[in-house]
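Below is one structure; the comments refer to it alone.
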Amino acid sequence: MSFFIPDALAQAEGAPAGDPLLGLLFPIGLIVILYFLMIRPQIKRQKEHKRLVEGLSKGDEVVTMGGMAGRITELGDNFAQVEVADNVVIKVRRQAVEGVLPKGSLKDL
């Protein structure tokens with residue numbers, strides 16, 4: 001009957017355990033790559049946007065995140081009033097300002 005079932009052979013000595021620090025090298029490398037490719041650029045964008053929002057002043061021509069373009073008529077701590085057409089003023093959060101346009105971009109206001 002042993003013809004159909006091979007005899008179990010004793011296993012040889014296990015593979016030598018490597019350096020445990022080498023096992024941690026791959027996950028640490030992934031974290032470093034993730035930091036430089038994703039986290040660091042996002043922090044840089046956040047700092048640039050904060051600088052842009054803090055530097056807003058009355059009369060700046062801006063574009064909001066919703067795509068509305070207009071001229072700032074009044075600034076508060078959290079909100080800005082933006083004139084998007086003649087006698088049409090909307091109130092937006094300062095954080096919703098996506099970018100400042102060059103002066104003269106909105107000539108019909």
Side-chain angles (χ1 to χ4, degrees):
M1 198 70 174
S2 67
F3 177 72
F4 296 110
I5 302 172
D7 294 333
L9 301 174
Q11 285 190 350
E13 192 175 311
D19 188 15
L21 292 178
L22 285 176
L24 290 175
L25 186 64
F26 183 70
I28 290 172
L30 284 178
I31 291 171
V32 168
I33 290 171
L34 178 75
Y35 174 77
F36 281 106
L37 292 180
M38 294 180 70
I39 297 171
R40 190 167 174 244
Q42 180 65 28
I43 291 172
K44 185 178 177 183
R45 273 192 298 268
Q46 286 175 343
K47 285 181 182 178
E48 288 174 3
H49 186 258
K50 184 178 179 183
R51 233 177 300 139
L52 177 126
V53 169
E54 289 173 351
L56 291 175
S57 62
K58 188 175 178 179
D60 283 347
E61 296 175 355
V62 297
V63 175
T64 66
M65 289 184 185
M68 301 283 281
R71 186 174 293 119
I72 295 177
T73 58
E74 188 178 321
L75 278 171
D77 290 337
N78 294 320
F79 292 94
Q81 289 188 357
V82 179
E83 183 179 12
V84 294
D86 291 333
N87 298 324
V88 178
V89 178
I90 60 171
K91 191 177 226 181
V92 296
R93 287 187 58 213
R94 287 178 73 142
Q95 296 294 325
V97 173
E98 187 175 80
V100 178
L101 299 172
K103 296 285 184 186
S105 295
L106 304 172
K107 295 179 182 177
D108 51 343
L109 276 180

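All values reported here derive from a predicted model rather than from experimental measurement.
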List the atom pairs, with distances to 0.1 Å, where a side-chain N or O of residues 58-65 and a protein N or O form a donor-acceptor pair under 3.5 Å, not counting sequence neighbours.
{"from": "Asp60", "atom 1": "OD1", "to": "Ser57", "atom 2": "OG", "distance (Å)": "3.3"}
{"from": "Asp60", "atom 1": "OD1", "to": "Lys103", "atom 2": "NZ", "distance (Å)": "3.4"}
{"from": "Asp60", "atom 1": "OD2", "to": "Ser57", "atom 2": "N", "distance (Å)": "2.9"}
{"from": "Asp60", "atom 1": "OD2", "to": "Ser57", "atom 2": "OG", "distance (Å)": "3.3"}
{"from": "Glu61", "atom 1": "OE1", "to": "Gly104", "atom 2": "N", "distance (Å)": "3.3"}
{"from": "Glu61", "atom 1": "OE1", "to": "Ser105", "atom 2": "N", "distance (Å)": "2.9"}
{"from": "Glu61", "atom 1": "OE1", "to": "Leu106", "atom 2": "N", "distance (Å)": "3.2"}
{"from": "Glu61", "atom 1": "OE2", "to": "Arg71", "atom 2": "NH2", "distance (Å)": "2.9"}
{"from": "Thr64", "atom 1": "OG1", "to": "Gly66", "atom 2": "N", "distance (Å)": "3.4"}
{"from": "Thr64", "atom 1": "OG1", "to": "Met68", "atom 2": "N", "distance (Å)": "3.2"}
{"from": "Thr64", "atom 1": "OG1", "to": "Met68", "atom 2": "O", "distance (Å)": "3.4"}

> Is there a chain of hydrophobic side chains (I, L, V, M, F, W, Y, each step under 4.5 Å between heavy atoms) that links Val89 to Phe79?
Replying inline: no

>> With clusters defined by side-chain heavy atoms of hydrophobic residues (ILVMFWY) lying less than 4.5 Å apart, directly or transitively, does Val32 cluster with Leu21?
In response: no

> Val84 and Ala69: which non-hydrogen atoms are nearest, and at how many Å?
Replying inline: CG1-O, 3.7 Å

>> If hydrophobic clusters are built by linking Ile, Leu, Val, Met, Phe, Trp and Tyr wherever their side-chain heavy atoms come under 4.5 Å apart, do Ile39 and Phe36 end up in the same one?
In response: yes

> Can you hop from Val88 to Val92 via hydrophobic side chains spaced under 4.5 Å?
Replying inline: yes

> For Glu74 and Lys91, what are the C-alpha separation, side-chain angles and deciding distance, and is it a side chain to side chain contact (heavy atoms under 4.5 Å, CB included)?
Replying inline: CA-CA 9 Å; Glu74 188 178 321; Lys91 191 177 226 181; over 6 Å; no

> If you measure from CG on Leu56 to CD1 on Ile72, what distance do you get to the nearest 0.5 Å?
Replying inline: 4.5 Å

> In Å and rounded to the nearest 0.5 Å, what is the CG to CZ distance from Asn78 to Arg94?
Replying inline: 8.5 Å

>> Nearest 0.5 angstrom please: His49 NE2 to Glu54 CD, how far?
In response: 11.0 Å

> Do the side chains of Leu30 and Tyr35 join up, straight or via other hydrophobic residues, at under 4.5 Å, putting them in one cluster?
Replying inline: no

>> As a quick check of understanding, evaluate side chain to side chain contact (heavy atoms under 4.5 Å, CB included) for Arg40 and Lys44, giving each step before the final call.
In response: CA-CA 6 Å; Arg40 190 167 174 244; Lys44 185 178 177 183; 5.9 Å; no

> Roughly how far, to the nearest 0.5 Å, is CD of Gln95 from CG of Leu52?
Replying inline: 9.5 Å

